[in-house]
Amino acid sequence: LYVGETLMIALLRLIALAIFAVFTFVFGCGYCLLSPRNPKHVYTFGLWFARMSRVFGINLEVRVPDSVKNAGPSLYIANHQNNWDLFTVSGAIQPRTVTVGKKSLAWMPLFGQLYWITGNILIDRNNRSKAVGTIAQVADNIKKRNVSVWMFPEGTRSRGRGLLPFKTGAFHAALAAEVPVTPIVCSSTDGVKLNRWNNGTVIVEILPPVSTDGYDKNNVRDFANECREQMKVKLEELNKEVA
């Protein structure tokens with residue numbers, strides 16, 4: 001009986017996800033065509049995706065300090081765990097913020113087209129010369145479009161391995177754009193299961209911005225390490241809180 005119940009829960013959620021995906025794609029792309037690649041769309045749909053957390057049995061709590069609200073452009077960095085990020089950490093998106101994702105995302109059915117038209121930045125991670133150009137592209141977006149940019153400094157999903165080492169691209173971009181780095185930490189979602197009715201509480205917390213003062217390209221690794229250490233400590237705190 002228990003196996004049957006868990007399978008039913010998973011099936012119902014998959015059906016709900018399929019309906020959500022089709023509706024969001026059709027409505028979202030139609031809506032965005034009125035002002036394609038406008039950064040306001042990322043905020044709108046980020047919060048929309050976060051609402052789906054309830055369907056997956058997740059009690060999502062998002063904490064935003066006053067120092068972040070209306071603080072101006074920033075380079076947001078977040079821990080990247082798994083596919084649940086789409087429905088959890090997305091709840092922390094701030095107005096006029098775009099994300100940076102792999103170029104291959106554009107070919108993902110439904111989601112990829114919406115990802116592009118909402119105004120996010122697509123990069124080619126397999127080409128180092130283009131990756132260097134991406135830093136300038138990100139900084140240029142921040143300055144000319146007056147937007148914040150969201151990046152995952154781990155570069156890949158951690159999948160239960162804790163906080164992975166950071167790449168320095170996001171920090172180089174922050175230095176080039178002369179904006180602070182604002183860390184975002186999501187408690188572990190490694191235990192979230194599609195077939196579990198109650199997946200407990202997931203906390204997403206935005207930390208105070210970290211100034212670029214005192215850092216340049218010569219000590220950018222120190223800058224990355226400082227931010228990573230803050231996020232590591234906060235991740236441990238949040239995991240203890242939701243345990």
Side-chain angles (χ1 to χ4, degrees), residues 37 39 42-43 46 63-81 85 89 92-103 105 119-158 161-186 204-238:
R37 298 191 58 74
V42 181
Y43 174 71
R63 300 172 179 172
V64 184
D66 291 335
S67 59
V68 170
K69 297 175 182 177
N70 303 314
S74 182
L75 197 301
Y76 290 97
I77 57 172
N79 55 322
H80 196 15
Q81 301 184 65
D85 291 348
V89 75
I93 194 83
Q94 296 299 295
R96 295 195 63 79
T97 300
V98 298
T99 71
V100 176
K102 294 183 293 186
K103 200 172 183 179
L105 279 176
N120 293 296
I121 303 170
L122 296 171
I123 62 171
D124 185 354
R125 285 208 183 110
N126 295 322
N127 188 316
R128 182 163 180 80
S129 62
K130 287 185 179 179
V132 172
T134 296
I135 295 172
Q137 183 183 351
V138 169
D140 195 51
N141 267 270
I142 293 173
K143 289 181 175 179
K144 291 186 176 180
R145 298 173 65 193
N146 190 35
V147 298
S148 294
V149 172
W150 176 310
M151 300 179 73
F152 292 109
E154 293 165 284
T156 188
R157 297 175 180 86
S158 58
R161 292 173 289 171
L163 199 60
L164 301 181
F166 282 3
K167 299 180 184 300
T168 58
F171 305 93
H172 277 291
L175 290 169
E178 300 178 313
V179 296
V181 168
T182 304
I184 301 173
V185 183
C186 179
V204 181
E205 183 169 340
I206 303 181
L207 306 187
V210 181
S211 174
T212 57
D213 291 348
Y215 293 106
D216 56 34
K217 64 180 181 180
N218 296 315
N219 61 356
V220 69
R221 171 54 64 185
D222 294 334
F223 188 24
N225 289 342
E226 179 189 346
C227 293
R228 185 181 182 278
E229 185 58 30
Q230 288 188 22
M231 292 175 68
K232 181 181 178 183
V233 170
K234 177 56 65 174
L235 180 59
E236 292 172 355
E237 290 178 359
L238 294 181

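Scope of the values below: all heavy atoms of this structure, side chains included, with no hydrogens, waters or symmetry mates. We count residues from 1, following the sequence as given.
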> Check whether any side-chain heavy atom of Ser158 lies under 4.5 Å from a side-chain heavy atom of Asn79, and answer yes or no.
no

> Taking ring-ring contact (aromatic ring centres under 6.0 Å, His included) as the test, write out the residues that go with His80, two or more places apart.
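ring-ring contact (aromatic ring centres under 6.0 Å, His included) check on His80 returns Phe152.
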
> Only one of Arg145, Gln137, Lys143 forms a side-chain hydrogen bond (donor to acceptor under 3.5 Å, both in side chains) with Asn141, so which one is it?
Arg145

> I'd like to check the ring-ring contact (aromatic ring centres under 6.0 Å, His included) partners of Tyr43; sequence neighbours left out, ordered by chain and number.
none

> Test of understanding: with salt bridge (charged side-chain N to carboxylate O under 4.0 Å, His left out), list the residues that count as partners of Arg63, not counting sequence neighbours.
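Result, salt bridge (charged side-chain N to carboxylate O under 4.0 Å, His left out) vs Arg63: Glu61, Glu205, Glu241.
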
> Are the side chain of Arg228 and the backbone of Leu163 linked by a donor-acceptor contact shorter than 3.5 Å?
yes

> To the nearest 0.5 Å, what is the distance between NE2 (His172) and CZ (Arg221)?
8.5 Å

> Which residue, Val204, Val64, Leu207, forms the side-chain contact (heavy atoms from CB on, under 4.5 Å) with Ile184?
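For Ile184, the side-chain contact (heavy atoms from CB on, under 4.5 Å) check succeeds only for Val204.
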
> Under a 4.5 Å cut-off applied to non-hydrogen side-chain atoms, are Trp150 and Val42 in contact?
no

> Given side chains that start at C-beta, do those of Phe171 and Tyr215 come closer than 4.5 Å, heavy atoms only?
no

> Salt bridge (charged side-chain N to carboxylate O under 4.0 Å, His left out) with Asp140: which residues, sequence neighbours excluded?
Lys144

> With sequence neighbours left out, write down each residue that passes salt bridge (charged side-chain N to carboxylate O under 4.0 Å, His left out) with Asp66, or none if nothing qualifies.
Lys69

> Measure across Gly214 and Asn219 and return the closest heavy-atom pair with its distance rounded to 0.1 Å.
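Nearest heavy atoms, Gly214 then Asn219: O-ND2, 3.1 Å.
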
> Looking only at non-hydrogen atoms, find the nearest pair between Ser148 and Pro73 and report the distance.
OG-CA, 3.3 Å

> Indicate the atoms forming the closest heavy-atom contact of Ala174 with Val181, along with that distance.
CB-CG2, 3.6 Å

> Is there a donor-acceptor contact under 3.5 Å from the side chain of Gln94 to the main chain of Ala92?
yes

> How close do Ser74 and Pro180 get, counting heavy atoms only, and between which atoms?
OG-O, 3.0 Å

> Look up atom CG in Asn120 and atom OG1 in Thr99, then write down how far apart they are to the nearest 0.5 Å.
3.5 Å

> Report yes if the side chains of Phe166 and Glu154 come closer than 4.5 Å at any heavy-atom pair, otherwise no.
yes

> Ile77 and Pro153: which non-hydrogen atoms are nearest, and at how many Å?
CB-CD, 3.7 Å

> So Val138 and Leu75, do their side chains get closer than 4.5 Å, heavy atoms only?
yes

> Residues in side-chain hydrogen bond (donor to acceptor under 3.5 Å, both in side chains) with Glu237, at least two apart?
Lys234

> Over all heavy atoms of both residues, which pair between Leu238 and Val185 is shortest? Give the atoms and the distance, please.
CD1-O, 3.7 Å

> How many angstroms lie between atom CG of Asp222 and atom OG1 of Thr168, to the nearest 0.5 angstrom?
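Taking CG in Asp222 and OG1 in Thr168, the distance rounds to 11.5 Å.
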
